[in-house]
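First the structure, in the form of structure tokens, and then the observations on it.
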Amino acid sequence: MVALDLAQNTLDGLMVGSSYALLAIGFTLIFGVMRRLNLAYGPTIMAGVYLGTAAFISLGAPILVVLAIVILGASLVGLYVERLCFRPFGEGARTASMVASFALWMQIEEAAMHLLPRHMNPFPALVASAPLEIGPLMLRADHLVMLAATLLIAGAATYLLARTKLGLAIRAVIDQPRAAAIVGIDVERVMMLTFVLASAIGGIAGFLIAATDAQVTAMIGMWATTKGLVAMMLGGLGSVKGAIAGGLLLGVLEAHAQWFLGPQVRDMVAWGLLFVLLAFWPGGLMGAKALDRTMAVGRRV
Amino acid sequence: MLDVQDIVTAYGKIEALKGVSLAVAEGRITCLLGPNGAGKTTLMYSIAGVLKPRRGTIRLGGVDITGQSPSAVVARGLALVPENRLVFPQMSVAENLEAGAYQRRDAAEVATDIERMYARFPRLKERHAQLAGTLSGGEQQMLAVARALMSRPRILLMDEPSLGLAPLIVEEIFRIVAELNKDGVTIFLVEQNVHMALKVAHHFYLMEQGRVTFSGEPGKLAEDEVIQRAYLGTSRQTSGDTTSSHKPG
């Protein structure tokens, strides 16, 4: 029943992919305003998740309290990364920011190992109910929650960007930072707020991922950086819609690869995809047009 | 209204402004002319707070604004139409105008001002939903001017608004400059188009190699000489003489 397998894989892939989409939304917002890569993005999320699970293990915190701690923790660590790796360097020193964010990655991992030295730690599970059956297909209830949360946050992010004053400022900074300063936008403040917001969104993604696994290791940091990066590149840099499409696509491709080629191949898909993308569509599958447009504008100026 | 005293601005070790002093009188059009690389744009960015001067003072309406952030300078009533227009290319014309009013809290008044801009620049109304990056150069320049006006500035700085535009559009830009001035906006204009600039200016400055080398009213210096110095600079002329003196015989 290859058709059924295909359908089930696609469904599973969409569910897992929705967490990738969330990761990519945060990643793309940071990349958009900073124009620099934040390698410490995943570790920031991991720090939030570790603080949450530490509260769960030692104090028995209920799941909503854990969620709040994860979001707050990721936001604060995000602020820390912004202050140390991005604020001090201008756009002229992109490499300095990237290397500094790598150093903080190591620092955050080290701190996490001191907080919870065991390799694997328990995390409160999202929903304990049995999988739903839709005809011949199976659907995990917690995956459904993950998908709903993704849609909710993507909708909120889109509303924020399109309809609010802060959103206008964020888009202005992404579009033309010097002009943003000239019209009176406090660019550094907008960058800081975007960074913290993106880290909080990443924190929610990390929470959902850890909660569907009901366990967490420090590897989630590197995992979140790579999945978020590939999903962001797939969708094209700097677009929320692209981030969602890229995340879902990556999830589906991975699910098929795992089923048909084996679990060892699963993670290779992400790397292979990143390679093919950079070689043939450096603008991303959906970003190519936007990139062309930006370049056309550049030529006119 | 705007008073610049002995400003030095440097990129690393290279001083682009070597002690510039000038004044822009309220209600007038003041022009700054000079060859490429004279430091005109550096001066504009130093006044607007984008670049931090190393020395000197800048006063706006009697208040020291030296080294303040661009957003603080906008709050004091200064708006800049930057070189190369710098519109927000991926945002619509209407959103560009909204961004220009970013610091204002009076939403209803902002909406009326946007309508006023559409009345003044009908092309912008036609294209209000279009992405600014898809506009022609002239339309982008109109948008950059309208965006700057959205902050309701007391003084408008314009950096080469005619750059790269067709003659008819240049005429229109200068007509708008004169109109705005008539409405009471003080204007400080950087230009390469000497002929047009001298036609509208009440007062002009010549800048060469980071220094102000002439200040006066149009007519005080023959237009030929202004053109000569504004395009080529006096130094270029001198070095030309030196070269010829090296010729054998």
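First the proteins, then the strands, lettered A, B, ... as listed; each starts at 1. For the numbers below, each heavy atom of this structure counts, side chains included, while hydrogens, waters and symmetry mates do not.
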Exercise. Hey, mind stepping through A:Arg171 and B:Met91 against side chain to side chain contact (heavy atoms under 4.5 Å, CB included) and telling me if it holds?
Worked result: CA-CA 8 Å; A:Arg171 283 187 297 140; B:Met91 285 162 57; 4.1 Å; yes
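Electrostatic pairing of B:Glu98 and A:Lys165 does not count as a salt bridge here, judged by no charged N lying under 4.0 Å from a carboxylate O.
Between B:Leu86 and A:Arg178, the closest heavy-atom pair is CD1-CG, 3.9 Å.
Heavy atoms from other residues, nucleotides or ligands lying under 6.0 Å from CD of B:Glu26 number 12 at most. The environment of B:Tyr11 atom OH is dense: over 12 non-hydrogen atoms of other residues, nucleotides or ligands sit within 6.0 angstrom. Within a 6.0 Å sphere centred on CZ of A:Arg189, other residues, nucleotides and ligands contribute 12 heavy atoms or fewer. Summarising the local packing, OH of B:Tyr118 is surrounded by more than 12 heavy atoms from other residues, nucleotides or ligands at distances under 6.0 Å.
Of the atoms belonging to B:Ala148, not a single heavy atom falls under 4.5 Å from chain A. Heavy atoms closer than 4.5 Å to chain A are found nowhere in B:Arg76, neither backbone nor side chain.
When side chains are defined from C-beta on, B:Val87 does not count as touching A:Gln176, because their heavy atoms never get closer than 4.5 Å.
When each of B:Ser151, B:Pro82, B:Pro70, B:Ser71 is paired with A:Ile182, the side chain to side chain contact (heavy atoms under 4.5 Å, CB included) condition holds for B:Pro82 and for no other. Results of the side chain to side chain contact (heavy atoms under 4.5 Å, CB included) test with B:Phe88 over A:Ile174, A:Val173, A:Asp175 single out A:Asp175 as the only residue that passes.
B:Gln103 places a side-chain N or O within donor-acceptor distance of the main-chain N or O of A:Gly184, the cut-off being under 3.5 Å.
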